[in-house]
Novice: 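My structure is below; once you've seen it, I'll send some questions.
Since the model is a prediction, treat every value here as computed from it, not as a measurement.
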Amino acid sequence: MTRGLCTAAVALTSGEIKQLDDLPGAVNEVLEADGCSHLAGHPGSHAFEVQSQDVPGRELVTWWVVWDGPEQPDSTGYEIVALDSCEAEPEDGVQGMETCRLPADHLGEHRW
């Protein structure tokens, strides 16, 4: 049985997007808005990966938007933080994802 994703979302400011796009070694083009990466009905904070940064001599740095509470917080209701990603791998037979793609130590189910 497959469940949908959480519908909570955040719109970043143009300044935040520029700051993330301009990080040295930035890997992705940052989207203006995105939704929570957790499965619907998850416990704990909402989160989505917003940027990855290739830093020489280190593993990839992953930047996340995280927030508690409302589905669509105001411009002060979220933060952008560097968090490790969950490295859990699906059991045999699960197609389409190599790792969970949520922050490390997340509450609730892995995403696959």
Novice: Which pairs would a plain distance check flag for residues 21-35, meaning a side-chain donor or acceptor within less than 3.5 Å of a matching protein atom at least two apart in sequence or in another chain?
Specialist:
residue : atom : partner : partner atom : Å
Asp21   : OD1  : Val30   : N            : 2.9
Asp22   : OD2  : Lys18   : NZ           : 2.5

Novice: Which atom pair, heavy atoms only, marks the closest approach of Trp64 to Ala47?
Specialist: CE3-CB, 4.2 Å

Novice: Got a sec, which residues hit side chain to side chain contact (heavy atoms under 4.5 Å, CB included) with Glu59, two or more places apart in sequence or on another chain?
Specialist: none

Novice: Can you check side-chain contact (heavy atoms from CB on, under 4.5 Å) on Asp54 and Leu60, steps first, answer last?
Specialist: CA-CA 5 Å; Asp54 191 5; Leu60 201 63; 4.1 Å; yes

Novice: Do the side chains of Leu20 and Trp67 join up, straight or via other hydrophobic residues, at under 4.5 Å, putting them in one cluster?
Specialist: yes

Novice: Start with the C-alpha gap between Val66 and Leu83, add the side-chain angles, then the distance that decides, and say whether side-chain contact (heavy atoms from CB on, under 4.5 Å) holds.
Specialist: CA-CA 10 Å; Val66 295; Leu83 298 172; 4.0 Å; yes

Novice: Atom OG1 in Thr7, atom NE2 in His46: separation rounded to 0.5 Å?
Specialist: 8.0 Å

Novice: Is there side-chain contact between Leu12 and Val50, with heavy atoms separated by less than 4.5 Å?
Specialist: yes

Novice: State the CD1-CD distance between Ile80 and Gln19, to the nearest 0.5 angstrom.
Specialist: 7.0 Å

Novice: Can you tell if the side chain of Glu16 reaches within under 4.5 Å of the side chain of Tyr78, non-hydrogen atoms only?
Specialist: yes

Novice: Parallel, tilted or perpendicular: which fits the ring planes of His42 and His38, with parallel below 30° and perpendicular above 60°?
Specialist: parallel

Novice: Look up atom SG in Cys86 and atom CG in Leu102, then write down how far apart they are to the nearest 0.5 Å.
Specialist: 6.5 Å

Novice: A side-chain contact here means heavy atoms from C-beta on lying under 4.5 Å apart; do His106 and Cys100 qualify?
Specialist: yes

Novice: State, yes or no, whether a side-chain contact exists between Phe48 and Ser37 at a heavy-atom distance under 4.5 Å.
Specialist: yes

Novice: Taking atom CD of Glu49 as the centre, report whether more than 12 heavy atoms of other residues, nucleotides or ligands fall under 6.0 Å from it.
Specialist: yes

